[in-house]
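Residue numbers count from 1 along this sequence. Any value given below was found using the heavy atoms of this structure, including those in side chains, with hydrogens, waters and symmetry copies removed.
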Amino acid sequence: MATLIQLRNKDNLRRAWRWIQSNADASYKSYFRSLYQDYAVAEDALLDDLADRLRRGIYEPSSATKIYFPKASGILRPYSLLNIDDQIVYQAAVNLIAERMSPKMRQRYNKTVFGHLYAGKSSVWFYRKWSEGYKAFNDATREAFNEGLTYTASFDLTACYDSLDHGVLSHFLSKLGFDNDFCVALTSWLAKWTATERGIFHNHGIPQGPMSSGLLSEVVLSYFDDLGRKQKNFRYLRYVDDIRLFAKDELTLRQHLVALDHRSKDIGLFPQSSKISIHKISDVEKELKSISNPSEPSIRRNAVNQKRLLKRIVELTPRYKIENATRFKYLLAHAEPNAILTARLWKILDKHPEIYKNVCNYLRRYNKLPRVAAKAVVVTIKGINLYQSVRAEFISAVDGRLPNLLDRELAQFLKKLWHPKTMKADELVAIGCYLMRVGMLSSGQIRYACKAAPSWWARAKMVEAAALPDPERNVLDEIVGNGILDKESVPALAAAWKGFSIGGLPSGTTRNWNRSAFLLLKEAGRLPRRSPKRCGIHHSLHRINKNVPELKWRRIFRQNYRYAERQIVEASAAMNINITNFVNLLDVFNDRLLVEVFRVDGGIGNYSLGRIGSALSASSRFATKYPATFAYVKELHAKRGESMASHPVVRSSGQPTGKISYKFLPKAKKLLIAALKELDRAGLGA
């Protein structure tokens with residue numbers, strides 16, 4: 001019981017939430033980025049509520065939403081989307097495990113163990129940089145070869161995450177000193193998260209996708225590491241479940257392979273016998289693990305020679321088969337769309353369905369697909385029958401990028417597939433969003449999908465995307481009302497934010513609302529109270545910087561208060577999740593703020609909404625009278641100009657825009673506090 005008390009400690013839960021937000025896995029975060037922002041609006045209240053449910057023993061995990069990706073072999077890889085509360089609880093449990101394992105494991109880091117390296121409590125990230133582990137793995141391989149260990153073999157495990165037995169996991173957790181209550185709680189949660197969509201529960205497996213699973217797998221995989229003691233005639237290296245052995249002779253290598261096999265049978269894992277190949281190294285460079293950004297002559301920093309890049313892609317795909325997947329993906333990530341490459345990709349995709357996400361990301365670089373490429377992608381979408389996740393990704397990639405006739409043709413095809421009660425979650429969301437955009441879903445169909453979709457994730461994303469014309473505003477209000485009553489917290493939060501955004505909330509009692517929705521709207525200051533209303537603008541600015549003065553924002557913004565409040569609430573929620581979005585949202589808030597500053601102080605000139613550049617002359621009366629506010633607004637606007645979410649190139653330099661670095665956040669906070677203190681001293685809103 002003592003460990004469960006540590007798990008629900010608020011500092012531990014907040015650390016878990018912080019690490020979830022900083023997760024370097026963009027793929028998993030892409031399913032949750034906007035939903036994380038909803039949660040962040042009321043994160044303190046929601047984390048307190050989660051701690052309370054854990055303390056009282058009434059926390060219940062939700063079933064995972066399952067997504068299935070194709071592997072190179074053609075079979076499916078399950079991907080588990082966990083409810084945000086569940087992600088936090090899972091990470092909080094793994095935080096404790098990481099701390100218990102750290103004293104022993106860190107001695108092996110970058111020596112014999114190279115993946116899922118815990119960064120420590122004080123780190124911004126949960127794991128150390130994976131690229132450093134890859135480099136250390138390759139350096140250790142070269143070192144072994146240079147010491148005369150020229151015989152090698154790999155020992156890969158079959159479906160490692162899916163096969164981890166919960167009893168075995170509990171055994172090793174007990175050896176780490178965890179009590180039975182913790183082991184029982186964690187394995188019962190894992191059983192819920194790994195169960196099939198048909199409700200079949202397993203006593204094995206950990207969910208693929210969440211960051212926490214990587215370190216949890218180390219609890220069991222570390223059982224192999226005792227073989228890693230440095231020996232004169234043998235070397236053991238492990239990167240997650242990929243074990244490489246090196247020896248001076250074949251007999252020594254076979255002896256250690258047998259020892260590994262015995263250990264795998266001890267813990268119920270199975271080696272892939274087809275991949276165990278003993279051979280003598282002739283070229284050590286060919287033995288190295290490929291990293292995600294290998295050196296390529298066509299790519300030099302930000303300069304890419306597109307002709308050489310295309311030639312390299314052709315070289316790597318003879319007869320449309322990929323010879324080196326890592327290099328191919330790296331090159332494709334830097335390719336500008338062109339007809340020759342696009343035509344080649346369709347043929348490559350026929351043989352390699354597993355690269356569909358890379359191809360879709362390439363297609364997203366088209367502002368509008370040319371007719372030939374557009375026809376090809378429509379044919380591809382229509383022809384996909386086995387892999388719903390592939391179809392969903394392609395639909396999302398071309399949504400809004402097709403010529404009008406093909407856009408309508410595809411929409412008519414997708415309408416025939418529309419069965420929200422039986423569709424896979426990601427396909428439902430992709431098709432639903434597409435059909436809503438072209439106006440081929442009625443208000444009743446949208447309302448039904450938002451309420452009846454089997455997956456909580458799909459319901460949340462449909463509520464988030466729901467948009468209806470003004471005459472049907474009552475249906476949108478109904479969608480919000482139904483969503484706030486949802487038994488799952490994530491769609492309820494999405495509905496609460498939608499209600500906040502459109503300024504419409506259900507009337508009557510809040511007794512039956514999902515508590516998460518209630519807490520979000522309470523934090524946002526949108527619930528009726530006997531006490532004075534809470535100012536959402538001040539609350540959000542206080543989240544950005546705790547030293548902000550309390551200005552009278554309702555008096556400052558008057559009839560535009562609701563729009564300004566929505567803008568800054570969303571900006572503060574994006575702060576620790578998407579810095580690029582944070583800067584863009586804050587820049588728009590600043591635009592509204594300048595309207596009011598110029599209105600109140602008529603002596604500094606005139607200002608029109610949307611013309612923020614007109615106020616950024618260093619010789620202006622505004623810059624002279626309000627130097628701190630001027631510096632803040634100018635710096636934010638300039639940083640927005642570097643954002644790939646705003647412009648294709650930086651106007652001042654002509655260089656391509658990109659993602660904004662989190663290094664800018666401390667500076668933005670400092671500029672903000674100086675500006676608000678200056679406006680407070682000037683009596684703005686007094």
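- A distance-only check finds a donor-acceptor pair linking the side chain of K368 to the backbone of G400 [under 3.5 Å].
- In this structure, R371 places its CZ atom where only 12 or fewer heavy-atom neighbours from other residues, nucleotides or ligands lie under 6.0 Å away.
- In this structure, CD1 in I446 is found 5.5 Å from CG in L441, a value given to the nearest 0.5 Å.
- Electrostatic pairing of E478 and R447 counts as a salt bridge here, judged by a charged N lying under 4.0 Å from a carboxylate O.
- A distance-only check finds no donor-acceptor pair linking the side chain of K421 to the backbone of P454 [under 3.5 Å].
- Side-chain atoms of E642 and T657 form no donor-acceptor pair, as typed in the model, at a separation below 3.5 Å.
- Within a 6.0 Å radius of CZ in F413, other residues, nucleotides and ligands contribute more than 12 heavy atoms.
- Atom CZ of R562 has more than 12 neighbouring heavy atoms from other residues, nucleotides or ligands inside a 6.0 Å radius.
- E427 and S389 share no donor-acceptor pair across their side chains, judged by distance under 3.5 Å alone.
- Between the side chain of S443 and the backbone N or O of V475, no donor-acceptor pair lies under 3.5 Å.
- The closest donor-acceptor contact from the side chain of H116 to the backbone of G214 lies under 3.5 Å.
- Side chain of K424 to main chain of Q388: no donor-acceptor pair is present (N/O by atom type, distance under 3.5 Å, no hydrogens or angles).
- With a 6.0 Å radius and a threshold of 12 heavy atoms from other residues, nucleotides or ligands, L417 has its CG atom above the threshold.
- To the nearest 0.5 Å, the span separating CG on L186 from CD1 on I206 amounts to 9.5 Å.
- Y434 and D407 share a donor-acceptor pair across their side chains, judged by distance under 3.5 Å alone.
- N576 CG to S22 OG: the interatomic distance, rounded to the nearest 0.5 Å, is 9.0 Å.
- In this pair, Y79 and F69 present their aromatic rings tilted. The plane angle is within the 30 to 60° band.
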Exercise for review: Go through the steps to decide whether L345 and L332 satisfy the test side-chain contact (heavy atoms from CB on, under 4.5 Å), and finish with yes or no.
Suggested key: CA-CA 10 Å; L345 287 175; L332 186 59; 4.0 Å; yes
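- Using modelled atom types, one side-chain atom of R401 and one backbone atom of A397 make a donor-acceptor pair closer than 3.5 Å.
- Considering only heavy atoms from C-beta on, V583 stays 4.5 Å or farther from S643 through its side chain.
- Rounding to the nearest 0.5 angstrom, the gap separating the CZ atom in F328 from the NZ atom in K321 is 14.0 Å.
- Under the side chain to side chain donor-acceptor pair (under 3.5 Å) test applied with S572, the options Q567, R543, Q37 reduce to a single match, R543.
- Between the side chains of D86 and Y59, at least one donor N or O lies within less than 3.5 Å of an accepting N or O.
- Side-chain contact check for W497 and S501: at least one donor-acceptor pair (N or O, by modelled atom type) lies under 3.5 Å.
- Looking at D25 and K29, no side-chain N of the basic residue comes within less than 4.0 Å of a carboxylate O on the acidic one, giving no salt bridge.
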**Study point:** side-chain contact (heavy atoms from CB on, under 4.5 Å) evaluation trace for K357 with Y362
**Key:** CA-CA 9 Å; K357 283 205 171 189; Y362 165 84; over 6 Å; no
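- With a 6.0 Å radius and a threshold of 12 heavy atoms from other residues, nucleotides or ligands, I58 has its CD1 atom above the threshold.
- Side chain to side chain, T158 and Q272 fail the donor-acceptor criterion of an N or O pair below 3.5 Å.
- Counting non-hydrogen atoms of neighbouring residues, nucleotides and ligands closer than 6.0 angstrom, the NZ atom of K416 reaches no more than 12 such neighbours.
- Aromatic ring pairs are classed by plane angle as parallel below 30°, tilted from 30° to 60° and perpendicular above 60°; the pair Y39 and W17 is tilted.
- Looking only at distances, no side-chain donor or acceptor of H334 sits under 3.5 Å from a matching main-chain atom of V304.
- Aromatic pair Y90/W189: ring centres not closer than 6.0 Å.
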Practice item. Could you walk me through whether E464 and S34 pass side-chain hydrogen bond (donor to acceptor under 3.5 Å, both in side chains), step by step? Key: CA-CA 9 Å; E464 188 177 77; S34 58; 2.6 Å; yes
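- In this structure the side chain of Y36 reaches within 4.5 angstrom of the side chain of I84, judged on heavy atoms.
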**Study point:** Test log, rule side-chain contact (heavy atoms from CB on, under 4.5 Å), inputs L215 and Y127
**Key:** CA-CA 9 Å; L215 194 132; Y127 293 120; 3.6 Å; yes
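- Remark: side-chain polar atoms of R312 are not paired, donor with acceptor, to backbone N or O of R327 under 3.5 angstrom.
- Within the 4.5 Å cutoff, the side chain of S80 has no heavy atoms near those of the T194 side chain.
- Relative orientation of the F518 and W513 rings is perpendicular, given thresholds of 30° and 60° on the angle between their planes.
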